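Structure, as structure tokens:
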Amino acid sequence: RRTLATAITGVTTAALAMTALNAQAATEVTLGHTLSDSSHYSVGADAFKETLERLSDGEFIVNEHPSGSLGGERAMIEGLQIGTVDVVITSTGPLGNFVPETYVLDLPFLFEDYGQARCVLDGEVGQDLLAKMGEHELVGLAWSENGFRHLTNSQREVNSPEDAKGLKVRTMENQVHQEAFRQLGASPTPMAFPELFTALQQGTVDGQENPITVIVATNFWEVQDHLSLTGHVYSPAAVLGSPILLDGLSEEQREWFNEAARASAEATREEVSRLEEEGIELLREKGMTVKTDVDTAPFQQAVEPAYEIYTEQYGSEMLDRIRASS
Ligand code: EAX
């Protein structure tokens, strides 16, 4: 006959065993991005974490690594391929080096507004591009957002391509962007994002270009005086996964990751929209001159040759599909 004491010990042992089992079963997911913990990417990372942990009932625990603490975007994408990082939220800046089909998205003045860009990414073209990533040791989970990019610099107000001539501008490590800035007469300097603040501070480069959200979240107003709302290119973000983790999961688990990525994208886009308006006021308060009514036609004309160079190298199929669908 079991005594009360042994019964209690039995229950406690079982409880302890279950706790140990749960602890063992939880898989830690390393999620990285380049932006600060007050950025739209962090809003997206929080949504990813909340959704995946809830859907999996704690089977997956997400550890967020913001601020480029795991390296720049190119390095993190490599990390996905070798399995040192599990999930990355990244701009498409360096992605073309891995998945050339995504270069099309970085063509200047390709999308007119947020609605059009989001629609193309959520539609067939975007879904095909996500699938393409599977051919390059990456898992495309969802299209998220960085935003329309604008030019900042420390030298002068930029109202026309003429004013941008000779400026040393940091670009992302993306051929299409570098070509566009060469066409403008600026001197493009590709650099990983985590190095950018110091480069601006030390005057290694005069300017950079990024969406309002990034300019705000990175305190670029401390090292840049002038902002021109050139909106010269829409910058998507991708939520990417590592095949080394994801290929080993069940269909149900994979679906949790997809859903977490979609929730992440949605939360990020909402934050981008919110900051588009509030951010400009904030940057003015911080002392930046903000040129809002830039005539973009001459910029568009100046970077037009980037299209020819792009299509010569990659063909026009993707571009035609985007134009036909939007
Ligand atoms: O993805 O490198 C960049 O300028 C990007 O916009 C930034 O890392 C956010």
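One-based numbering, in listed order, for ligands and for the atoms of each. Residues take their numbers from the sequence shown, with the count starting at 1. All of these numbers come straight from a predicted model, not from anything done at the bench.
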The protein heavy atom nearest to atom 6 (O) of ligand 1 is N210 OD1, 2.6 Å
Among all protein heavy atoms, pick the one closest to atom 8 (O) of ligand 1 and tell me residue, atom and distance.
T34 OG1, 2.9 Å
Quick test of your reading: applying salt bridge (Lys or Arg N to Asp or Glu O under 4.0 Å), list the pairs with at least one residue in residues 207-219, sequence neighbours left out, ordered by first then second residue.
R149-E209
Using distance alone, determine whether R149 and ligand 1 share an N or O pair under 3.5 Å.
yes
Once you restrict to heavy atoms under 4.0 Å, what part of E73 touches ligand 1? Side chain, backbone, both or neither.
side chain
Taking atom types as modelled, find out whether T289 and H226 have a side-chain donor-acceptor pair closer than 3.5 angstrom.
yes
Donor + acceptor pair across side chains of T230, S228 (<3.5 Å)
no
Any atoms of ligand 1 less than 4.0 Å from a non-hydrogen atom of Y41? List them with their elements.
1 (O), 9 (C)
Assess whether a salt bridge exists between E145 and R118, defined as any Lys/Arg side-chain N lying under 4.0 Å from an Asp/Glu carboxylate O.
yes
Between R274 and E270 (salt bridge meaning N to carboxylate O under 4.0 Å), is one present in this structure?
no
Which option wins on minimum heavy-atom distance to atom 4 (O) of ligand 1: E209, R170, Q208?
R170
Side-chain donor-acceptor pairs of residues 296-310 under 3.5 Å, sequence neighbours excluded:
from	atom 1	to	atom 2	distance (Å)
Y307	OH	P108	O	2.7

Using heavy atoms and a 4.0 Å limit, tell me yes or no: is H33 in contact with ligand 1?
no
